[in-house]
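Report on the following structure.
In what follows, every heavy atom counts, from backbone to side chain, and hydrogens, waters and symmetry copies are set aside.
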Amino acid sequence: MKSKLVKKVLSCGLAAAMVLSMAACSSSNEGGSADSGEKTKLYVVNWKDYASDDEELMAAFEEEYNCEIVNTYMDSEEDLLTKLRTGAEGEIDVCLPNCTILPAAIEDGLLEQLDTSKIPNFEQLFDRFKEQKECFGEDGNMYAVPFVWGSTAIAYNTEEVPEAPTSMDVLFSEEYSGRIAFRDDYNDAIMAAAIVLGQDPNNPSDLDAIKELLIKQKDLNRTYWQTGDEFSKLFANDQVSVGLMWSGQSATMKQEGEPIGFVVPEDGGIGWVDNWAIAESSQNKELAYSFINYMIGEDVQYEWASTGGPAPANQTAAEKIDPEYAASCAMDEESLNRLYFMEYRTEDVKREWSDLWIEVKGA
């Protein structure tokens with residue numbers, strides 16, 4: 001997820017700093033035995049290219065705890081929920097649910113109740129993330145810890161769109177007909193349309209109007225993209241001028257030299273928070289705690305966010321990031337305050353929204 005040049009410059013110093021920062025948190029009963037050479041496998045379910053499979057970021061942790069991180073990739077939040085529900089004992093240790101599925105995972109008893117005293121770096125998180133409501137169950141206990149946050153808003157080619165768009169309406173504008181890339185996701189589609197129509201993106205009042213607007217947008221659309229890599233290729237090949245895109249992916253493309261701008265417009269964008277959780281069926285819970293502590297620590301958060309990753313939940317790390325860079329990637333407070341953060345959907349709402357999106361694409 002980061003440019004190779006930046007990675008080479010930072011990797012040696014970063015690894016040393018991380019080993020030092022972990023020393024106080026390690027314990028003899030975590031990880032494999034250094035004498036025997038055996039390595040404990042820590043099973044992580046995450047998005048592809050999302051930090052836990054970055055060899056340089058993970059090297060210090062694996063060395064300190066004599067373990068091997070084994071990544072399994074999810075295709076969607078619903079896919080993660082299915083993996084948690086159907087996985088065998090010990091098949092998942094740590095996973096990364098966002099707030100749209102956390103309440104369901106907690107209610108189903110799929111996640112371990114967390115003891116934040118085992119996560120020293122928790123104290124470095126922004127206060128708003130320490131109190132992220134979806135991370136708590138109805139029993140008042142915490143089951144997940146915020147990792148990173150970001151936005152889904154407008155990415156644009158700065159060579160073709162000289163000024164940053166000020167409204168989500170640009171994705172529905174005939175001005176860029178045939179050069180718009182819209183995400184193939186019912187949550188993002190309905191929320192984006194609701195923003196344009198002035199409805200509450202999490203509780204829209206008129207789904208018929210939203211469907212009508214999305215059907216009109218379809219005629220202007222170059223394509224519905226499904227993966228970040230797909231969008232990157234469309235952009236690099238000059239097939240799109242504007243699109244609905246993630247802040248983190250845009251930051252990565254910017255680091256790679258693409259003429260890309262990203263903005264949360266004045267009428268708002270879609271916000272999300274990804275959270276680390278320990279599977280209730282994990283057989284490596286102490287090591288899982290150490291992993292979460294490592295991932296929300298200042299060093300990992302700063303290094304990843306400042307070189308192409310999403311915005312850090314760690315306040316100490318966030319304050320170290322260059323303000324100009326943060327603003328260009330919508331990590332700044334002004335952008336944060338314009339976001340409508342995705343909320344949990346009931347099964348009935350998810351079905352209704354999914355059916356609407358199917359109808360739009362089939363129209």
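- Applying the ring pair (Phe, Tyr, Trp, His ring centres under 6.0 Å) test to pairs two or more places apart or on separate chains, none has a residue in residues 308-349.
- Listed by chain and number, the residues in a side-chain hydrogen bond (donor to acceptor under 3.5 Å, both in side chains) with E78 are K350 (sequence neighbours excluded).
- Judged as a side chain to side chain contact (heavy atoms under 4.5 Å, CB included), and not counting sequence neighbours, the contacts of N157 are E159, E160, F235, D238, P259.
- For N293 (side chain) and Y289 (main-chain N/O), no donor-acceptor pair under 3.5 Å exists by modelled atom type.
- Listed by chain and residue number, Q239 satisfy the side-chain hydrogen bond (donor to acceptor under 3.5 Å, both in side chains) test with R222 (two or more places apart in sequence, or in another chain).
- Y224 pairs by the ring-ring contact (aromatic ring centres under 6.0 Å, His included) definition with W357, not counting sequence neighbours.
- Cluster note: Y43 groups with V70 through ILVMFWY side-chain heavy atoms spaced under 4.5 Å, whether in direct contact or through intervening members.
- In this structure, the side chain of T252 engages the main chain of G308 through a donor-acceptor pair within 3.5 Å.
- Residues passing the side chain to side chain contact (heavy atoms under 4.5 Å, CB included) test with S173 are E175, sequence neighbours excluded.
- Without hydrogens or angle criteria, K118 side chain to E286 main chain gives no donor-acceptor distance under 3.5 Å.
- Between N314 and the choices E123, Q301, Q124, the side-chain hydrogen bond (donor to acceptor under 3.5 Å, both in side chains) rule is met once, by Q124.
- The distance from atom SG of C95 to atom CD of E77, rounded to the nearest 0.5 Å, is 9.5 Å.
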Distance-only donor-acceptor pairs under 3.5 Å for side chains of residues 208-217, two or more places apart:
from, atom 1, to, atom 2, distance (Å)
K211, NZ, E359, OE1, 2.8
Q217, NE2, L171, O, 3.1
Q217, NE2, N221, OD1, 3.3

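- Nearest approach of E134 to I106, heavy atoms of both residues: O-CD1, 3.5 Å.
- In this structure, Q113 places its CD atom where more than 12 heavy-atom neighbours from other residues, nucleotides or ligands lie under 6.0 Å away.
- For D127, the side chain to side chain contact (heavy atoms under 4.5 Å, CB included) criterion is met by K130, not counting sequence neighbours.
- Applying the ring-ring contact (aromatic ring centres under 6.0 Å, His included) test to F172 and every residue at least two apart in sequence or in another chain returns F182.
- With sequence neighbours left out, the side chain to side chain contact (heavy atoms under 4.5 Å, CB included) criterion links T227 to D229, E230.
- Within the 3.5 Å criterion, the main-chain N or O of S52 finds a donor-acceptor partner in the side chain of N71.
- In this structure, K361 places its NZ atom where more than 12 heavy-atom neighbours from other residues, nucleotides or ligands lie under 6.0 Å away.
- Each ring pair (Phe, Tyr, Trp, His ring centres under 6.0 Å) pair with one or both residues in residues 237-262, not counting sequence neighbours, appears once here: W225-W246.
- Judged by distance alone, the side chain of D139 and the main-chain N or O of N141 form a donor-acceptor pair under 3.5 Å.
- N121 contributes no side-chain N or O that, together with a main-chain N or O of I296, makes up a donor-acceptor pair within less than 3.5 Å.
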